[in-house]
Undergrad: 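Pasting in a structure now, in C-alpha cells, and then I'll have a few things to ask.
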Amino acid sequence: MRFQEDYVYINQVLAGNTAAYSMLVNKHKDMAYGIAFKILRNHQDAEEVAQDGFVKAYHSLDKFRGESGFKTWLYRIVYNTAISKTRKKQLPVSDLEDHLVENIAENEDHSEIESLSNEEKLFALEKVIKQLPSQDQIIVNLFYLEGTKVEEISKITSLSESNVKVKLFRIRKKIYTLMEKMLVKTKEERE
Amino acid sequence: MKQTYGINSKGQKQVLKDPILEELMKQIAQEKPSDSFTRNVMDRIPEAAVFSDEEKQSILGFTSLLVALFTLAIGTLIYFGLRSHFFASINLQNIEIQQYIRYILATSHDFINAIREIKISSLTALIFIATFSTFAIERILRKRHEIFLKQLEKEQA
C-alpha cells in the first residue's frame with residue numbers, strides 16, 4: 001500500500017477525522033514495534049509499548065509542532081516508553097557486551113564474507129544482529145533499513161550526533177567481524 | 001566492498017553508508033506486530049480526542065438549541081397568524097372536498113399575511129441579534145471552559 005506524507009494524515013486527524021490516524025499507525029507500526037521489541041525482547045510487551053506510543057502521540061498530536069518528522073517524534077516516544085518499561089521490570093538491555101568486540105582489529109577486507117552466497121550472508125547477518133545490544137540494533141535498523149538520518153537517530157535515542165556516527169562505525173565493524181568469526185567457526189566445525 | 005565515508009568531528013574518516021549491508025538488512029525478516037495492532041490502537045483512541053466528545057456534544061447541543069428556537073418561532077407565528085382557525089369550531093363530518101380545499105387555501109393565505117404583517121425596526125432587530133449572539137457565544141465559551149476543566153482533571157488523575 002502506498003502511503004501519503006505524514007502531514008496529510010495529521011491535518012486530517014486535527015480536522016476531526018480520527019480514522020485518518022489508522023493510516024499513520026499502519027505506516028509506522030512495523031518500525032515502532034521493531035524498536036520496542038529490540039529493547040524488550042518480548043512480543044507482548046513490545047506490542048503493548050508500541051501501542052502506548054501511538055496512543056500517547058495521538059493525544060499530543062495538537063501539540064506536535066513538526067520541528068522534527070512525525071516518525072522521529074513517534075519513535076522517540078516508543079523508545080523512551082520501552083526504556084522506562086525495562087527499568088520498571090529491571091530487564092537487561094543488552095545481550096552482548098561491548099568489550100567482547102572492543103579489541104577486534106579494524107579490518108576493511110571482507111573478501112571472505114563477500115564470497116558467501118546471499119543465503120549464507122543473510123543467515124549470518126541475522127544471527128549477528130540478534131546478538132547486538134538493543135540500542136545498536138535500533139541504530140542499525142534505523143540507519144540501514146529505514147534510511148533515517150543521523151540527526152533524527154540522535155533525536156530518537158537522545159545520543160549526540162557524533163556519538164551516533166561513532167556508534168554506526170563501530171556497529172558496522174562489529175557486524176563484519178562477528179560474521180567473519182562465525183564463518184571461521186563454521187569452517188572449523190566442518191573440518 | 002563499495003563504501004561511503006563520513007567525516008567525524010575529529011576529522012577522521014568513518015564508514016557510515018554501506019549499500020551491501022543496506023541491501024542485506026532489507027532482506028532480513030523483521031519482527032512484525034500482530035494483525036490486530038492497528039485495530040487495538042484505534043480502539044484505545046476515543047472518537048475524537050483532539051476534538052473531544054464533549055466538544056462534539058457542545059456543537060450538537062448548540063444545533064439542538066437553534067432547532068428548538070426556530071421551531072418555537074415558527075410555532076408562535078403560526079399561532080398568532082392562524083388563531084382564528086384554532087378557535088373555530090369545525091365539524092369534520094360536514095367538511096366536503098371543496099370546503100376542505102378552500103380551508104387550506106384560506107389558511108395558507110392567512111399564514112402568508114401573518115408573515116407579511118411582521119414589522120420589526122432595525123433597532124429591535126439589532127437588539128435581537130445582539131442578544132442571541134451574546135447568548136450563543138457565552139454558551140460556547142462555557143462549554144469550552146468545562147472541557148478544559150475536565151481535561152485538566154484527567155491529566156491530574
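Side chains included, hydrogens not; waters and symmetry mates left out as well; all remaining heavy atoms used. Predicted model only: the values in this text are computed from it and were never measured.
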Undergrad: Are the aromatic rings of A:Tyr9 and A:Phe70 close, with centres under 6.0 Å apart?
TA: no

Undergrad: Closest approach of A:Met23 and A:Phe3, non-hydrogen atoms and distance?
TA: O-CE2, 3.7 Å

Undergrad: In terms of heavy-atom proximity below 4.5 Å to chain B, should A:Phe123 be classed as side chain, backbone, both, or neither?
TA: neither

Undergrad: Could you see if A:Ile175 belongs to whatever hydrophobic cluster contains A:Leu145? Use Ile, Leu, Val, Met, Phe, Trp, Tyr and a side-chain cutoff under 4.5 Å.
TA: yes

Undergrad: Please flag which part of A:Asn17 lies under 4.5 Å from any non-hydrogen atom of chain B: side chain, backbone, both or neither.
TA: neither

Undergrad: Heavy-atom distances under 4.5 Å only: say whether A:Phe37 touches chain B with side chain, backbone, both or neither.
TA: side chain

Undergrad: Is the terminal nitrogen or CZ of B:Lys26 (NZ for Lys, CZ for Arg) located under 6.0 angstrom from the six-membered ring centre of A:Tyr144 and within 45° of that ring's axis?
TA: no

Undergrad: What residue in A:His43, A:Glu47, A:Met31, A:Glu126 has the most heavy-atom pairs under 4.5 Å with chain B?
TA: A:Glu47

Undergrad: With a 4.5 angstrom heavy-atom cut-off, could you sort out which part of A:Glu119 is near chain B: side chain, backbone, both or neither?
TA: neither

Undergrad: For B:Glu138, look at atom CD and say whether over 12 heavy atoms of other residues, nucleotides or ligands are found less than 6.0 Å away.
TA: yes

Undergrad: As an exercise: rank A:Leu122, A:Val140, A:Ile129, A:Asn141 by heavy-atom pairs under 4.5 Å with chain B and give me the winner.
TA: A:Leu122

Undergrad: Pick one of side chain, backbone, both or neither for A:Ile171, based on which atoms fall under 4.5 Å of a heavy atom in chain B.
TA: neither

Undergrad: About how many Å separate CD1 of B:Ile45 and CG of B:Asn40, when rounded to the nearest 0.5 Å?
TA: 11.0 Å

Undergrad: Check each atom of A:Ala32 against the heavy atoms of chain B and say whether the ones under 4.5 Å are side chain, backbone, both or neither.
TA: neither

